[in-house]
Amino acid sequence: MSRRLSFPTLIVSCQARADNPLYGPQFMAAMAKAAEAGGAGGIRANGPEDVAAIRAVTELPILGLYKRWLEPYEVYITPDFAAAQAIAEAGADILALDATPRPRPQEGLAELIERIHTELGKPVCADVSTLEEGLWAVELGADCVATTLAGYTPYTLKTEGPDFALLRELVQALAVPVLAEGRFWTPEQVGRAFELGADAVVVGTAITNPREITRRLVRSVPR
């Protein structure tokens, strides 16, 4: 069954790197269940193992991606069709991918979006870092755009909090849904994103990474 996001909504990113004590599909599935219980409208998840584990415990739409580091290429968020197919088969409903013009290992962005649509029958969420990338991705067929990569490309500045300026530009310029993602920590920031016109806000670390939450709070402990 195909699951579609409804808007507006909060999407919780359930991801953990290998050095995180919560790394592993069972922990991410538990995080997803907790997020659903808290009112999340969708889950963002990385890799076929985590996607499959999360699909087994929730009916929420899954925004899936597959981080694959393939030297010497800079693109690693769902960099090719093989990655897209793996997470689609695992149960992802929407496939997120890097939509920057940086070098990628196989298909160009246009071909990759086309193959996802025609061979997998899945919508594509374009992770971008600039307005130009968002416009380009939509021109190539992306079904929605996210600010995920703002501040994470060599040619963009990393803001202390969410990149509201980029969000505003994308909302004003695009006719497709725009997702705000990146460095959201507070309810006020989430509220502002919706005020600016975001269709959804994706929050990860502030909800699903106890280690980083603890580190943030420990900074306020007197030394």
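Annotation: the span from Thr78 atom OG1 to Leu112 atom CG amounts to 8.0 Å, rounded to 0.5 Å. Atoms CD1 and SG, on Ile207 and Cys14 in that order, are 8.5 Å from each other to the nearest 0.5 Å. Annotation: the span from Met31 atom CE to Thr208 atom OG1 amounts to 5.5 Å, rounded to 0.5 Å. Atom CG of Leu60 and atom OG1 of Thr9 lie 8.0 Å apart (nearest 0.5 Å). Atom CG in Leu166 sits 9.5 Å away from atom OG1 in Thr159 (nearest 0.5 Å). Here Glu132 contributes atom CD and Tyr155 contributes atom OH; the two are 10.0 Å apart, rounded to the nearest 0.5 Å.
Contact record, Val12 with Ala40: CG2-CB, 3.7 Å, taken as the closest heavy-atom pair. Between Arg211 and Asp19, the shortest heavy-atom distance links the atoms NH1-O, 3.1 Å. The two atoms that bring Glu181 and Ala146 nearest to each other are OE1-CB, 4.5 Å, heavy atoms only. Nearest heavy atom pair, residue Ala137 against residue Ala99, reads CB-CB, 4.0 Å. For the residue pair Ala206 and Phe184, the shortest heavy atom distance occurs at CB-O, 3.4 Å. Here the closest heavy-atom approach between residue Ala92 and residue Lys122 is recorded as O-NZ, 3.0 Å.
Here the side chains of Asn20 and Phe27 are not in contact, with every heavy-atom distance at 4.5 Å or above. No side-chain heavy atom of Asp163 sits less than 4.5 Å from a side-chain heavy atom of Glu169.
Of the listed residues (Thr147, Leu97, Leu149, Val145), just one forms a side-chain contact (heavy atoms from CB on, under 4.5 Å) with Asp127, and that residue is Leu149.
Contacts of Glu212 classified as side-chain contact (heavy atoms from CB on, under 4.5 Å), with partners at least two apart in sequence or in another chain: Thr205, Asn209, Arg215. Legend: residues meeting side-chain contact (heavy atoms from CB on, under 4.5 Å) with Asn46, ordered by chain and number and at least two apart, are Gln15, Leu65, Tyr66, Lys67. For Glu107, the salt bridge (Lys or Arg N to Asp or Glu O under 4.0 Å) test picks out Arg115, with sequence neighbours left out. In this view, Ala30 satisfies the side-chain contact (heavy atoms from CB on, under 4.5 Å) rule with no residue, not counting sequence neighbours. Partners of Tyr152 according to the side-chain hydrogen bond (donor to acceptor under 3.5 Å, both in side chains) rule, which considers only residues two or more places apart in sequence or in another chain, are Arg183. Every residue meeting the side-chain hydrogen bond (donor to acceptor under 3.5 Å, both in side chains) condition with Thr156, not counting sequence neighbours, appears here in chain and number order: Thr153. For Asp143, there are no salt bridge (Lys or Arg N to Asp or Glu O under 4.0 Å) partners two or more places apart in sequence or in a different chain. For Val75, the side-chain contact (heavy atoms from CB on, under 4.5 Å) partners at least two apart in sequence or on another chain are Pro79, Asp98, Thr100, Arg102, Arg104.
Applying the ring pair (Phe, Tyr, Trp, His ring centres under 6.0 Å) test to pairs two or more places apart or on separate chains, those with a residue in residues 68-100 are Trp69-Tyr76.
In terms of hydrophobic clustering, with Ile, Leu, Val, Met, Phe, Trp and Tyr side chains grouped at heavy-atom distances under 4.5 Å, Leu140 and Leu120 are assigned to a common cluster. Taken together through direct or relayed side-chain contacts under 4.5 Å among Ile, Leu, Val, Met, Phe, Trp and Tyr, Leu95 and Val138 form part of one hydrophobic cluster. Two different hydrophobic clusters hold Leu22 and Val57 under the rule that ILVMFWY side chains link at heavy-atom gaps under 4.5 Å.
With hydrogens and angles disregarded, a donor-acceptor distance shorter than 3.5 Å links the side chain of Arg3 to the backbone of Glu59. Not a single donor-acceptor pair under 3.5 Å links the side chain of Thr58 to the backbone N or O of Ile54.
Heavy-atom neighbours of Leu217 CG from other residues, nucleotides or ligands within 6.0 Å: above the threshold of 12.
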Contacts under 3.5 angstrom, residues 189-199 side chains, donor-acceptor by atom type, not counting sequence neighbours:
| residue | atom | partner | partner atom | Å |
| --- | --- | --- | --- | --- |
| Gln189 | OE1 | Trp185 | N | 2.6 |
| Gln189 | OE1 | Thr186 | N | 3.2 |
| Asp199 | OD2 | Val178 | N | 2.8 |

Just list the side-chain donor-acceptor pairs under 3.5 Å for residues 84-91, sequence neighbours left out, or say none.
| residue | atom | partner | partner atom | Å |
| --- | --- | --- | --- | --- |
| Gln85 | NE2 | Glu89 | OE2 | 3.4 |

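Val202 belongs to a hydrophobic cluster whose remaining members, ordered by chain and number, are Leu5, Phe7, Ile11, Leu63, Ile94, Leu179; membership requires side-chain heavy atoms of ILVMFWY residues under 4.5 Å apart, directly or through intermediates.
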